[in-house]
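So the structure is just underneath, and the comments pick up after that.
Remember, it's a predicted structure, so these values are computed and weren't measured experimentally.
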Amino acid sequence: MIINLKIHQECNTTLASPVRLEIFRLLVEQEPTGLVSGDIAEHLDQPHNGISFHLKSLQHAGLVTVQREGRYQRYRADMSVVRALVAYLTENCCRGTRNCSLPQPADLPLDEEILNENS
C-alpha cells in the first residue's frame, strides 16, 4: 500500500488529538481481535458518545476498520495503513540521515522529562 501526501497529512492530523491517539494505541495493542466501542470507552474511562465521535474520525482517516457484530461494532487498527505510514515516514523524513533506526529505550526521555519540558 502506497501512502500519498494527502493521506499522510490526514492520518497525522487525526492522530494529533490526544484522545484519538490513545484510542489508536489501544486498538494497535488489541490486534488482531480489536474492541467494541463500549470496551474502548471503559478502558480509557471516557464517555461512550465521545469515543464514538473519535472512532468515526479514525475510520474516516483510514486508520481503523469497523465490522458489525449484531448490535455492536468492532473496531480494529488497520495495520496495513500503519505499516505504510511508518514506511512513508521512514523513507521521506529520514532521507539524508545516516541512521534512521528506532531509538533505543535508554535514548528516549522519561515521561517526567517531557512533562517538565512542556511546563
What's the spacing between Gln59 CD and Ser52 OG if we round to 0.5 Å?
11.0 Å

Rounded to the nearest 0.5 Å, how far does CG of Leu21 lie from CG of Asn12?
10.5 Å

Taking all atoms of both residues into account, what is the closest heavy-atom pair of Cys11 and Ala61, and its distance?
SG-O, 3.9 Å

Please report the interatomic distance CG(Leu26) to CD(Glu31), rounded to the nearest 0.5 Å.
11.0 Å

Against Leu35, only a single residue in Glu29, His43, Glu42 fulfils side chain to side chain contact (heavy atoms under 4.5 Å, CB included); can you say which?
His43

Same apolar cluster (I L V M F W Y, side chains within < 4.5 Å links), Leu63/Val36:
no

Under 3.5 Å: donor-acceptor pair, side chain of Arg20, backbone of Leu55
no

Check the hydrophobic clustering (I, L, V, M, F, W, Y; side-chain heavy atoms under 4.5 Å; chains of links allowed) and say if Val19 and Leu58 are grouped together.
yes

With a 3.5 Å distance limit and no angle check, can you tell me whether Ser17 reaches the backbone of Thr14 through a side-chain donor-acceptor pair?
no

Going by side-chain hydrogen bond (donor to acceptor under 3.5 Å, both in side chains), Gln67 matches just one of Gln73, Arg74, Arg76. Which one?
Arg76

Atom pair CD/CG of Glu10 and Leu15 - distance to nearest 0.5 Å:
10.5 Å

At their closest point, which heavy atom of Val81 faces which heavy atom of Gly62, and how far apart are they?
CG2-O, 3.3 Å

Nearest heavy-atom approach of His48 to Ala41 is CA-CB, 4.0 Å

Report yes or no: do Val28 and Tyr75 belong to one cluster of Ile/Leu/Val/Met/Phe/Trp/Tyr joined by side chain heavy-atom distances under 4.5 Å?
yes

Would you call Val82 and Met79 a side-chain contact if the rule is heavy atoms closer than 4.5 Å?
yes

Atom pair CG/CG of Asp78 and Leu85 - distance to nearest 0.5 Å:
11.0 Å

Rounded distance (nearest 0.5 Å) linking atom CG of Asp39 with atom OH of Tyr72
9.0 Å

